[in-house]
Amino acid sequence: MPHDGRTPWIEDRFSEGVVITSLEQAINWARQSSLWPLTFGLACCAIEMMAVGCSRFDIDRFGAGAFRATPRQADLMIVAGTVTYKMASRVRRLYNQMPDPKYVIAMGACVCGGGPYFKYGYHVVKGVDLVVPVDVYVPGCPPRPEALLEGLMRVQDRVRAERIARDATDELPVPHHTGYPELPIKPEDYRVSASEEASA
Amino acid sequence: MSPQEIAQLLKDQFGDRITGEALDVLDPWIAVAPEALHEVMEFLRNDERLAMDFLHCVSGVDYFEPDPKKAKRAKFEPHMEVLYHLSSMKHGHRIVIKVFLPRWKNDRPGELPEVPSVADIWPTANWHEREVYDLMGIRFVGHPDLRRILCPEDWVGHPLRKDYEFPDEYHGIRAR
Ligand code: SF4
């Protein structure tokens, strides 16, 4: 059909298959939905990480279910379990072997800061952040699977905040979870009124 | 065989090289002089009446109180012990053999106390003795391959000794 010169060229011709977005968003979207973790677990927390991989909690819903058996294909390192000094050098080597961009989740009390081995464990690294840079800490001994999923989503926030322009700096996401439990009643409801105070 | 009978048999055989016993406790034990250990163990293993064919574990114990105030009240002299839990599949009896050792050989700190290895009698003892060596610092003389088994090869000290000092740093990782 020859073009009549009045209807715009593109309008209505591709709309069903085309989405317009910025390149940055497209890349970040792709990255955040295919964070491939590295397959390795060091102690009891790893059991919980395996549960996250199974159908009940299903980390695949967030695109992070493809546990890779080699660091060369992984984007995310979930350090799950006690890191001993003997293991620390291996953890660091695996981290160095991962291609950029890479992220680290410290899962469990042991990995966050020594946990139960903090005082008398001669063999435990007091926090894996002494060995590799950590993006998200998930506390707990062991953390619930939901907590690890939460940690994963915080990593995704981080990925989403990445800027690809050369001079742009990443905007770190403001966590939308404050970390405080929400009270069912507002604090002012607890306050004792002046008249009650006077009578007391 | 009852623990009393085992003790009597050993005493008849080795005389004053059997240095102590406690037979009416939950885990009856017999103490043996370190020099005689290998001989006694061979006898326990090979004698038809005893036939101790199963070594459950080898353990090390450090009797030491690092706090000087508590050390005065401690009910023991500082020393180390090595324990061998033995039982016989054939006769269904069991016994614990103990060896008392000084904390340091010749009381010179840093020189590990020595005890003969029994790895040639029960192959189980091989790794167990390596573990005791690694964590408690007891040298098993005659062991075929006495290396550390749990800690890294370049680890300093024996961590389960009561006076062990934690390292400040290990390969660039802050440790305190
Ligand atoms: S944090 Fe607790 S559950 Fe996790 S590895 Fe350490 S001891 Fe085990």
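In what follows, every chain begins at residue 1, and chains take the letters A, B, ... in the order their sequences are listed. This structure is a prediction, so every number in the text was calculated from the model and none was measured.
The number of heavy-atom neighbours closer than 6.0 Å to CZ of B:Arg45, taken from other residues, nucleotides and ligands shown, is above 12. The environment of CZ in B:Phe166 is crowded: more than 12 heavy-atom neighbours from other residues, nucleotides or ligands sit within 6.0 Å.
Comparing B:Leu150, B:Leu160, B:Ile173 by how many heavy-atom pairs each has under 4.5 Å with chain A, the most go to B:Ile173.
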No hydrogens needed, just list the donor-acceptor pairs between chain B and chain A under 3.5 Å.
{"unit_1": "B:Leu150", "atom_1": "O", "unit_2": "A:Lys86", "atom_2": "NZ", "d": "3.0"}

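In terms of the side-chain hydrogen bond (donor to acceptor under 3.5 Å, both in side chains) criterion, B:Lys105 has no residue partners (sequence neighbours excluded). Considering only residues two or more places apart in sequence or on other chains, B:Arg139 meets the side-chain hydrogen bond (donor to acceptor under 3.5 Å, both in side chains) condition with none of them. Qualifying side-chain hydrogen bond (donor to acceptor under 3.5 Å, both in side chains) partners for B:His85, counting only residues two or more places apart in sequence or in other chains: none.
Put simply, B:Ile6 and B:Trp29 are part of two different groups of oily side chains (I, L, V, M, F, W, Y) that touch within less than 4.5 Å, one to the next.
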